[in-house]
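Ligands are counted one by one from 1 in listed order, and the atoms in each one are counted from 1 as well. This one's a predicted model, so the numbers in the text were calculated from it and none came from an experiment.
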Amino acid sequence: MSDKKKVYVRTYGCQMNVYDSDRMIDALAPKGYSPTDAVEEADLVILNTCHIREKAAEKVYSEIGRIRKLKEARADSGNPMLLAVAGCVAQAEGEEIARRAPSVDLVFGPQSYHKLPDLVTRASNGARVVETEFPVEDKFAHLPAASRETTRKRGVTAFLTIQEGCDKFCTFCVVPYTRGAELSRPVSQVLAEARRLADAGVREVTLLGQNVNAYHGVSDDGGTWGLGRLLHALAEIPGIARLRYTTSHPRDMDDSLIEAHRDIEAVMPYLHLPVQSGSNRMLEAMNRQHTREDYFRLIDRIRAGRPDLALSGDFIVGFPGETDADFKDTMDLVERVGYASAYTFKYSPRPGTPGAAMDDHVPEDVKSERLARLQALIARQLKDFNAAMDGRLVDVLLEKPGRRPGQLGGRSPWLQAVHVEAPESLLGSIRTVRIEEVRANSLVGRLVDVEVAGGPVGAHDIIMRHSTGAVC
Ligand code: SAH
Ligand code: SF4
Ligand code: F3S
C-alpha cells in the first residue's frame, strides 16, 4: 500500500461515533492514511452514520449523492476515491445501502472497526465490502490505542468509550439492534487508555456508553467493577481533574455511583439522565422499567450528596398512545426536576422496533405542538439556570483560544461555555472565574484567582436546586 493517503471522516449522531471516528483514523494510520478536513482531497471518505431517527438516517443518502459527484470527477484520474459507510445506518441497513447506492465501496458496522485496514485493502482491490456481523472477538482489544495526534487535536478534553451496546430494548429505540448486546471494556484497558490521555495533556475525560452506568468491567483480580468504583480509580490518575459520563439509564444508578457523586470531587455535578416521558403509562409502553416516582427519588438521593447537581435529559413527545394528559405529566416532571438543558425529540418510528408496530400513532401536528411547548419550558429553565450564575465564582477548565484575541474559552462544571480574558499559557488549567455577563449561549467572566489547587472544585458558592418533593 502506498504512503501518504488522506482519509476524510464525517461524523453523525452521538459522542460514541465521535470517539469511533478517531479510533478509525488511528486504525488507518499504519496504512499510511492521515486525516484531512477537505473532502475533495480524500482518497477514502468514511461517513460514520446514525440511525436513531428517520431524519438522521436519511441524511446519509443525500451525503452519498454529493460524494458520488466528487468520486465521478476523480474516476479517470488514476487516483480513485473510496467511499465507506460506517456506523449505525451501516449496521442496520447493510446490504440495502450497497443496493441503493452503488457508489459505496464499503459498508461496515461499529463492531468491525478493528478490521478496517483489511477491509480497505479488499475494497482497493476492487471488492465490494459489506461487513455487519457482530464478531465474537473484542474489537477494543484489537483497535490501536488513541494516538497522540487524535488526542492532541481534541485538546484538553477527551471521550473514552468504556461500554457499548444495550440490553434494555426500549420500544422506540434502534440502539440494541445497531450496537448489539451490552459489553464493558476491562478495567485495565480503560485505566491504561485514561493514563495515556492524561500523559497527552487531557484534563477532563468523559466516559461513554449507550448505557454507561451499566458498566461492569472485569478487573485483573477476576472480579467486576461498576462505574462508581471505576470513577474512584480514574480520579487517582495524575492530571485527570474532571470526570463526566454519559448516557445513563435511571435504572442503573446504583448506590456506589450515587456515592461517587458525593465523594469524588473530580466527578462533575452535571448528569445527563434521560427520562423520555413524565407519564407512567408512557414509561411502561416505552419499556423504560421505572416510574416517574422512581426518577424523582433517584434525583433527590443524588442531590442529597451533591446539592449543586444539575441535570440534563432527553424527552420524546408523541410516542404512540400519548394523550394530552400524558404530555401534561411530562411538562409537570420537567417543572419539578428543573433541567439545566435537555434534548427533545418528536417520536420517529424506527423499522423493526416494537413502537413502530403499535397502534395509536400521534399525528404530526400534535407532535409538533407538544414539542414546541416542551422546548419553550426547557429554554426558560436553561435561561434561569444560566442567569443564576451572574456574579458567582465558577471553576473553569480553560480549553481553547477564545473567539477574540486575548480570550480563552472553557467550560464550567455544568458544561456551560465560559469566555475569559486570559493568556494562552493558562490553557489546560482550571481557574476560578467571576461571571460578569450572561449571554444566550455562554457566560463571560474575569479571572479572580490562581489555579485551583489540585484542579477540580465544584461551585464554591453555588447551591442549586431544590428537592423534587418525592416521597422516599
Ligand atoms: N441510551 C440512552 C439514549 C440513547 S439514544 C438512554 O437510554 O437514555 C438518544 C436519545 O434519542 C434517546 O434518549 C431518545 O430521547 C432519543 N430517541 C431514541 N429513539 C428515538 C426515536 N425512535 N424517536 C425519537 N427519539 C428517539
Ligand atoms: Fe435505547 Fe433504551 Fe438502550 Fe437507551 S436504554 S440505548 S433508549 S434501548
Ligand atoms: Fe445514533 Fe448509533 Fe449513536 S444510532 S445515537 S450513532 S449509537
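A heavy-atom distance below 4.5 Å is found between the side chains of Lys346 and Ser368. Looking at heavy atoms from C-beta onward, Val129 lies out of side-chain contact with Val120 at the 4.5 angstrom threshold. Inter-residue side-chain proximity for Thr49 and Gln91 is flagged as unmet; no heavy-atom pair is nearer than 4.5 Å. No side-chain heavy atom of Val317 sits under 4.5 Å from any side-chain heavy atom of Thr344. Between Cys50 and Lys59 the shortest side-chain heavy-atom distance does not fall below 4.5 Å. In this structure the side chain of Leu443 reaches within 4.5 angstrom of the side chain of Val438, judged on heavy atoms.
Residues Ala417 and Asn441 come closest through the heavy atom pair CB-O, 4.1 Å. Heavy-atom minimum distance, Ser103 versus Lys71: O-NZ, 2.8 Å. Here the closest heavy-atom approach between residue Ala214 and residue Ser184 is recorded as O-OG, 4.3 Å.
Once rounded to the nearest 0.5 Å, the distance linking OG1 of Thr246 with CD of Gln15 reads 5.5 Å.
Using a 4.0 Å cut-off to heavy atoms of Tyr347, the atoms of ligand 1 that qualify are 22 (N), 23 (N), 24 (C). Annotation for ligand 1: atoms under 4.0 Å from non-hydrogen atoms of Lys346 are 23 (N), 24 (C). Applying the 4.0 Å criterion to heavy atoms of Arg53 picks out, from ligand 1, the atoms 11 (O), 16 (C), 17 (N), 23 (N), 24 (C), 25 (N), 26 (C).
The proximity of Phe345 to ligand 1, defined as any non-hydrogen pair under 4.0 Å, is limited to the side chain. The backbone of Gln210, and not its side chain, has at least one atom closer than 4.0 Å to an atom of ligand 1 (non-hydrogen atoms only; backbone = N, CA, C, O). Here Pro274 has side-chain heavy atoms under 4.0 Å from ligand 1, and that is the only part of it that gets that close.
Among all non-hydrogen protein atoms, the one lying nearest atom 13 (O) of ligand 1 is Asp314 OD2, 2.6 Å. Among all non-hydrogen protein atoms, the one lying nearest atom 5 (S) of ligand 1 is Ile52 CD1, 3.5 Å. The protein heavy atom nearest to atom 19 (N) of ligand 1 is Phe172 CD1, 3.3 Å. Atom 23 (N) of ligand 1 has Ser348 N, 3.0 Å as its closest protein atom, hydrogens excluded (heavy atom only). Taking atom 15 (O) of ligand 1 as the reference point, the nearest protein heavy-atom neighbour is Gln276 OE1, 2.7 Å.
There is no side-chain donor-acceptor pair under 3.5 Å between Thr121 and Asp118. Thr36 and Glu41 share a side-chain donor-acceptor pair at under 3.5 Å.
Ring-plane geometry between Tyr295 and Tyr339 is classed as parallel, the angle between the planes falling under 30 degrees on a 0 to 90 degree scale with a further cut at 60. Below 30°, between 30° and 60°, or above 60°: for Tyr19 and Phe140 the angle between ring planes is between 30° and 60°, a tilted geometry.
Residue nearest to atom 7 (O) of ligand 1, selected from Glu54, Lys367, Arg288, Lys168: Arg288 (by heavy-atom distance). Of the candidates Asp252, Ile316, Thr247, Val275, it is Thr247 that places a heavy atom closest to atom 3 (C) of ligand 1.
Aromatic pair His261/Tyr245: centroids less than 6.0 angstrom apart. Annotation: Phe345 is not in aromatic contact with Phe319 [ring centroid separation under 6.0 Å not met].
Protein atoms of type N, O or S found under 2.8 Å from atom 2 (Fe) of ligand 2 total 1.
Within the protein, the N, O or S atoms lying under 2.8 Å from atom 3 (Fe) of ligand 3 are Cys14 SG.
Note on ligand 1: Asn211 sits outside its first shell, no heavy atom being nearer than 4.0 Å.
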